[in-house]
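The structure under discussion appears below in the form of structure tokens.
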Amino acid sequence: MAEPKVPAGGPRVYLSGLLPDEIQEAVSFPQRFRAVQVYDWIVRGAGEFAAMANLPAAERERLAALFGRLRSSSVSSELADEDGSLKLQIRLRDGAAVECVLLEDIEGRKTACLSSQVGCPMGCAFCRTGQLGFLRNLGPDEILEQYYFLKERRGFISNVVFMGMGEPMLNLQAVRKSIALLSDPAGIGMSLRKITISTSGIVPGILDLAEHGPRIRLAVSLTTAEEGMRTELMPVNKTWGLDALKAALVEYQEKTGERVTLEAVLTGNRNAGLDSARALVKWVRPLKAQVNLIPWNAVPGLPFETPTPAQVRAFTEVLEKAGLTAVQRMHRGRGVMGACGQLGDTLRAAAPENPED
Ligand code: SAH
Ligand code: SF4
């Protein structure tokens, strides 16, 4: 992937993706504690250098001269759903756009659903993002800023899921860095148990995570355990088929001792039948896994159907009778096209009001 385009003469580094030592390296403050102060401001949600009140004015000016802006991206539109979800479109430094969503459950727990790429190269047939194609990977700064923008609007966020636009395993370096930032005890301090990576089934990524961590929660978009159907719905299955995926998950569980979550988007006219449910039971058996069933969220123009509640119930019963834990999930945000698989109005944001941007 080519380097992200940056404005001519503009900065390549933005401080929202850096730890204190890296801030110090980028800025060379005469005293290192200034880098910690800057980091603390960022963690507390400061949006600009001018807000960093305990920094001498000269240092604030130097930061502005060095980096231009504190954040690399900005919010270009906001949509609030009646169910409490909030979808933001984020304009990136090169004019590309991603979306992120804040989902609130009935207990009031807030989960940030973050994007890891602009678009997605995986091309899953049922997913809106997959239909848009792929522009580029996000940097850790751009990932963290999604979190800060959501927190600024909705307050404390307890969980983060990499289930927005993109395939996080294809941008593992930046995703790892953003997890290091989210979980830094001296910073945001989120427990790794509250962070989930969802993958379409990139086997080398699963094995890399098993070997090198971090020990976040892993979710895998299985969708269906029928080989031909999976290949039709998820082209990734041509590269890593169901056997290779299962072997990787067995290895993941042996190395980590962790349960994985398997996600299955159910489309009424493809994989929501009882045969599909039985195939899923058989495939899952050797794994310690919970299955999340996601009734397909409608994407205009795609030839799928949202399953009826009766179809989903019958599917769930087959799983439960076989002793599997099946949970129905992920319709929140539908009102703003912010539910699973509905992200991606566009990969390019509207031109900014400020032409220097
Ligand atoms: N790329 C990663 C993470 C983002 S997608 C992945 O595929 O796992 C997050 C989840 O949304 C995946 O489980 C995916 O299968 C599901 N999904 C995609 N399109 C959907 C749709 N239209 N309705 C419901 N779920 C969908
Ligand atoms: Fe990409 Fe996930 Fe959508 Fe597939 S479901 S196209 S991997 S974002």
Side-chain angles (χ1 to χ4, degrees), residues 85 98-101 103 111-138 143 146 160-172 175 195-203 205-206 209 216-225 229-240 245 249 260-272 280 289-307 312 327-345 347:
S85 315
V98 289
E99 289 165 18
C100 57
V101 186
L103 301 161
T111 297
C113 177
L114 305 184
S115 292
S116 55
Q117 299 184 312
V118 186
C120 181
M122 303 309 296
C124 300
F126 45 79
C127 171
R128 189 175 185 213
T129 309
Q131 309 308 303
L132 284 175
F134 172 71
L135 215 55
R136 67 170 173 86
N137 280 333
L138 296 185
I143 296 174
Q146 296 172 55
V160 162
V161 294
F162 286 90
M163 292 189 190
M165 297 165 76
E167 170 48 63
M169 292 295 197
L170 295 182
N171 189 16
L172 202 47
V175 168
I195 301 175
T196 301
I197 290 183
S198 174
T199 176
S200 58
I202 308 281
V203 163
I206 295 170
L209 216 55
I216 44 75
R217 295 191 180 269
L218 178 65
V220 175
S221 302
L222 175 64
T223 308
T224 174
M229 174 84 72
R230 192 164 193 268
T231 301
E232 180 196 330
L233 296 175
M234 304 182 73
V236 65
N237 201 60
K238 285 182 234 161
T239 311
W240 295 287
L245 180 58
L249 292 179
V260 294
T261 298
L262 299 170
E263 299 155 287
V265 192
L266 294 184
T267 57
N269 51 348
R270 293 289 198 285
N271 62 336
L280 201 134
Q290 166 179 311
V291 181
N292 282 0
L293 299 176
I294 318 174
W296 185 65
N297 295 308
V299 178
L302 295 188
F304 302 107
E305 286 167 13
T306 302
V312 178
V327 184
Q328 197 190 315
R329 279 274 152 84
M330 313 283 189
H331 53 271
R332 293 195 159 258
R334 270 187 189 169
V336 289
M337 287 295 282
C340 276
Q342 292 185 315
L343 298 186
D345 282 333
L347 297 185

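As the structure lists them, so they are numbered: ligands from 1, and atoms in each ligand from 1. Fair warning: this is a prediction, and the values are worked out from it, not measured in the lab.
Listed by chain and number, the protein atoms of type N/O/S under 2.8 Å from atom 1 (Fe) of ligand 2 are C120 SG; waters are omitted.
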- V203 vs T239, side-chain contact (heavy atoms from CB on, under 4.5 Å): CA-CA, chis, key distance, verdict: CA-CA 9 Å; V203 163; T239 311; over 6 Å; no
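Backbone and side-chain nitrogen or oxygen atoms of G166 are examined, and one is located within less than 3.5 angstrom of a nitrogen or oxygen of ligand 1. Checked by distance only, ligand 1 and F126 come closer than 3.5 Å through their nitrogen or oxygen atoms. Of the polar atoms of S221, at least one N or O is found under 3.5 Å from an N or O of ligand 1, judged by distance alone. Distances between N or O atoms of T223 and those of ligand 1 include no value under 3.5 Å. Between R128 and ligand 1, not a single N/O pair is under 3.5 Å apart.
Put simply, no part of G130 is less than 4.0 Å from ligand 1, judged by heavy atoms.
Using a 4.5 Å heavy-atom threshold, the side chains of S115 and L138 count as touching. Residues L249 and L262 have side chains in contact (heavy-atom distance under 4.5 Å, counting atoms from C-beta outward). Contact annotation: the side chain of V101 never approaches that of Q342 to less than 4.5 Å [non-hydrogen atoms, C-beta and beyond]. A 4.5 Å side-chain heavy-atom check between L266 and N271 finds at least one atom pair inside the cut-off.
Looking at T199, its side chain does come within 3.5 Å of a backbone N or O of G201 through a donor-acceptor pair. Side-chain N or O atoms of N171 include one that pairs as donor or acceptor with a backbone N or O of S116 at under 3.5 Å. Of the possible donor and acceptor atoms, none in the side chain of E263 sits under 3.5 Å from a partner among the backbone N and O of N292. Put simply, the side chain of R230 gets close to the backbone of L222: a donor and an acceptor are under 3.5 Å apart. Within the 3.5 Å criterion, the main-chain N or O of A219 finds no donor-acceptor partner in the side chain of T261.
Residue-ligand proximity, V299 to ligand 1, at heavy-atom distances under 4.0 Å covers atoms 22 (N). Within the listing of ligand 1, atoms 13 (O) sit less than 4.0 angstrom from a heavy atom of E263. Distances below 4.0 Å separate heavy atoms of T199 from the following atoms of ligand 1: 6 (C), 8 (O). Atom numbering of ligand 1 starts at 1 in the shown order; those under 4.0 Å from a heavy atom of G164 are 4 (C).
Taking F304 as the reference, W296 meet the ring-ring contact (aromatic ring centres under 6.0 Å, His included) condition, with sequence neighbours excluded.
The proximity of N297 to ligand 1, defined as any non-hydrogen pair under 4.0 Å, involves the side chain as well as the backbone.
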